[in-house]
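In what follows, every chain begins at residue 1, and chains take the letters A, B, ... in the order their sequences are listed. In what follows, every heavy atom counts, from backbone to side chain, and hydrogens, waters and symmetry copies are set aside. Note that this is a predicted model, so its numbers are computed, not measured.
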Protein chains: 2
Amino acid sequence: MAYTYKYPKADHTVDAVVFGIDFDETALKILLIERAREPFKGNWALPGGFVEMDEDLEAAVIRELQEETNVRLSYMEQLYTFGAPGRDPRGRVISTAFLGLVQPGHIVIHEGSDAAKAVWWNVNELPGLAFDHAQIIKTGVQRLRSKISWQPVGIELLPDEFTLSDLQQAYEIILGRSIDKRNFRRKVLKFGVLAPTGNVRKENYRPAQLYQFDKKRYALLQKQGIDFEV
Amino acid sequence: MAYTYKYPKADHTVDAVVFGIDFDETALKILLIERAREPFKGNWALPGGFVEMDEDLEAAVIRELQEETNVRLSYMEQLYTFGAPGRDPRGRVISTAFLGLVQPGHIVIHEGSDAAKAVWWNVNELPGLAFDHAQIIKTGVQRLRSKISWQPVGIELLPDEFTLSDLQQAYEIILGRSIDKRNFRRKVLKFGVLAPTGNVRKENYRPAQLYQFDKKRYALLQKQGIDFEV
DNA sequence: ACAAAAGTGTTCCCCCTACACCCATGG
DNA sequence: CCATGGGTGTAGGGGGAACACTTTTGT
């Protein structure tokens, strides 16, 4: 079966910039796959692929992520569309990139079909990347950083229960600098999105109070936007 | 000549959400064309069209704008990509929308070939629109509003020389609310982007000092981002 | 003289910043 | 009792918000 058109057409793909926080390594991680096919076979790349004809762009990323990595996202938004001619050796390929976030509990990867393997990489120690994916990742990191300062980010990156130190650590990892503990706590509590669960985490030494997000209030703040210049 | 592919392909278009301020009518205007062809012939729509195979997305919007309206932009950025199946009756069409700004002096429209005519519409009094263009415009207005509060917007929307009242009016029109004159002036001058030209505008009653933007400083602030919650 | 827009200062309060010590627990 | 991370308060300063009158010009 073949499809014939009067004019040449570009292909349309989607790519996923998926971030997760690794609390053990205190690092921001990004999900990459090793390409199983040409072009760039054996190279590292963002998960993604061609959009089906009757499929929404968002649906396409979710499907591709499922196929290639089986990771479950807790959040997704459109990032940017990259369409420079020549960005793909196969011909004209326009790609819409998405920003995704995952909670630590869902960081497990089952290897899929299209990808040789999928691995979490430290954002600061990335390998060489296929296509213009280095640039896409750069755009994604910028977006995440700016997003964090005017929207409450956290529910999508933290486990359901977490300590204030966890939350602070998430911010420090993303922003790449340290934050004063007292100021951070006062500020974050003032928004009224956090509720103590009553449970404590006993790990080392003094137990830490566990919190969860008030989802209603969280959604409200997300809509309104907040000023969170920590 | 025909082009044959193994799989079906979507079309890719670009659309331009172009804003300009009309100081006479104290209104935010948007550039629309009356479609000269099917589908939606005779309806109002955003300027735009198909991306050529060897053409960057940005280049495509600029070309289409030129062809259809001859308007000269002072600024452009990518807005969002709309790709829902069914958004275009011709088949699968994915469209990347751009946000454009024009200065009042360049608001003149020369009618082009593709469009029956091009007209500036008040954003608050829009006609029925083709495709999902109403939604695209809504996204554009939101972006412009949020952009204004963390980047210095103005150089792209104002004439080369302008009064502080002009600038304030621009902000009021975009944000849709009034701002205290004294606070606005103090805040805007504190950024150090404005320089008095020495000229004054004599229109009614007391003459007003004319200002221009310091382009170097403007570019710097644009890069850094600012906090401008007026 | 009056109408219209330009221009100008101050006070109050809130929030951000900087900063250092005690607490609870495990080993 | 010591090491480790959890948890707390305050003083000072800067900037935002609210607010009203004088100045300059044209008619």
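- Atom-to-atom, CZ of A:Phe184 to P of C:dC19 comes out at 20 Å; the value is rounded to the nearest Å.
- One interatomic measurement links the two molecules: CG of B:Asn204 to P of D:dT25, which rounds to 14 Å at whole-angstrom precision.
- As rounded to whole Å, 12 Å separates atom P of C:dG9 from atom CG of B:Leu189.
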(request) Carefully, step by step, assess B:Tyr75 and B:Phe19 under the rule ring-ring contact (aromatic ring centres under 6.0 Å, His included). (result) CA-CA 10 Å; B:Tyr75 176 80; B:Phe19 292 109; over 10 Å; no

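- One can place CZ of B:Arg201 at 15 Å from P of D:dG26, the figure rounded to the nearest angstrom.
- At a threshold of 4.0 Å, the pair A:Asp180-A:Arg182 counts as salt-bridged, since one of the basic side-chain nitrogens sits closer than that to a carboxylate oxygen.
- Two residues are said to be in side-chain contact when any heavy atoms from C-beta on lie closer than 4.5 Å; A:Tyr218 and A:Glu156 meet this criterion.
- An OP1 or OP2 oxygen of D:dG5 is reached within less than 4.0 angstrom by no side-chain nitrogen or oxygen of A:Ser165.
- Checked by distance alone, A:Arg206 brings no side-chain donor or acceptor within 3.5 Å of a matching partner on the base of C:dA24.
- Within the nucleic acid shown, A:Gln209 comes within 4.0 Å of sugar-phosphate atoms alone, with no base atom in reach, counting heavy atoms only.
- What separates CZ of A:Arg185 from P of C:dC15 is a distance of 21 Å, to the nearest Å.
- In this structure, B:Leu167 places its CG atom 13 Å from P of C:dA6, rounding to the nearest Å.
- Side-chain to base pairing of B:Arg186 with C:dT10: one donor and one acceptor N or O lie within less than 3.5 Å of each other.
- Of the possible donor and acceptor atoms, one in the side chain of A:Thr197 sits under 3.5 Å from a partner among the backbone N and O of A:Leu210.
- Atoms CZ (B:Arg182) and P (D:dA18) sit 11 Å apart, rounded to a whole Å.
- No N or O donor and acceptor, one from the side chain of B:Lys187 and one from the base of D:dG16, sit under 3.5 Å apart.
- Minimum atom distance to the side chain of B:Tyr205 is reached by D:dG26, of the listed C:dG9, D:dG26, C:dA18.
- Following rounding to the nearest Å, B:Arg177 (CZ) and D:dA18 (P) show an atom-to-atom distance of 10 Å.
- Mapping A:Asp180 and B:Leu164 onto DNA chain C by nearest heavy atom places B:Leu164 at the nucleotide closer to the 5' end.
- Sequence order on DNA chain C of the closest nucleotides to A:Lys181 and A:Lys202 puts A:Lys181 first from the 5' end.
- Candidate nucleotides D:dG16, D:dG9, D:dA18 were compared by shortest atom distance to the side chain of B:Asn183, and D:dA18 ranks first.
- Salt-bridge check for A:Glu161 with A:Arg201: failed, with every basic side-chain N at 4.0 Å or more from each acidic carboxylate O.
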